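Keep in mind that what you see is a predicted model, and the values were worked out from it rather than measured.
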Amino acid sequence: MMGTALLQLGHAEAAVDHLQRAAQKMKNQPGVHGNLGQACIHAGHYEQARAAFRKASRLDPGNVYYQIG
């Protein structure tokens, strides 16, 4: 939750750090990977964002948000 809160507050780099740790612990949670992708976009880490959105999309293929991400 801390990573998502930091992202909403505009602290993308800090959010990426928290969300990366969350993604490692919760490997099968598409929302975590989607939030990581969003944080990476805001931080300018585009390749990492693409990988996070691909993972989220594989976990939840019916969610268009992850496919567009």
Side-chain angles (χ1 to χ4, degrees):
M1 298 306 272
M2 178 64 89
T4 303
L6 288 167
L7 178 59
Q8 290 176 349
L9 291 170
H11 303 288
E13 282 292 338
V16 169
D17 292 335
H18 284 277
L19 288 165
Q20 282 177 330
R21 286 191 299 240
Q24 290 173 352
K25 290 180 181 179
M26 298 185 285
K27 296 178 183 193
N28 294 321
Q29 296 295 320
V32 173
H33 293 281
N35 285 336
L36 175 58
Q38 193 66 31
C40 289
I41 286 173
H42 288 287
H45 305 297
Y46 303 114
E47 289 300 319
Q48 189 177 356
R50 184 179 311 155
F53 279 122
R54 267 191 298 221
K55 172 79 176 190
S57 184
R58 281 194 305 272
L59 292 169
D60 186 2
N63 191 323
V64 178
Y65 169 76
Y66 301 140
Q67 296 172 11
I68 293 172

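- Between His33 atom NE2 and Arg58 atom CZ the span is 9.0 Å, to the nearest 0.5 Å.
- Between the NE2 atom of His11 and the CG atom of Asp17 there is a distance of 13.0 Å, given to the nearest 0.5 Å.
- Side-chain contact check for Gln20 versus Gln48: some heavy-atom pair is nearer than 4.5 Å.
- Between Ala39 and Ala15, the shortest heavy-atom contact is CB-CB, 4.1 Å.
- With respect to Thr4, the side-chain contact (heavy atoms from CB on, under 4.5 Å) criterion is satisfied by exactly one of Leu19, Val32, Leu36: Leu19.
- Among residues at least two apart or in separate chains, side-chain hydrogen bond (donor to acceptor under 3.5 Å, both in side chains) pairs with a member in residues 59-69 are Gln38-Tyr65.
- In the hydrophobic clustering, Met2 connects to Leu6, either directly or through intervening members, whenever side-chain heavy atoms lie under 4.5 Å apart.
- Residues Ala43 and Ala12 approach most closely at N-CB, 3.8 Å, considering heavy atoms.
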| Can you check side chain to side chain contact (heavy atoms under 4.5 Å, CB included) on Leu59 and Gln29, steps first, answer last? | CA-CA 7 Å; Leu59 292 169; Gln29 296 295 320; over 6 Å; no
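- Residues forming a side-chain hydrogen bond (donor to acceptor under 3.5 Å, both in side chains) with Glu13 (at least two apart in sequence, or on another chain): His45.
- Separation of atoms SG (Cys40) and CZ (Arg50) is listed at 12.0 Å; rounding is to 0.5 Å.
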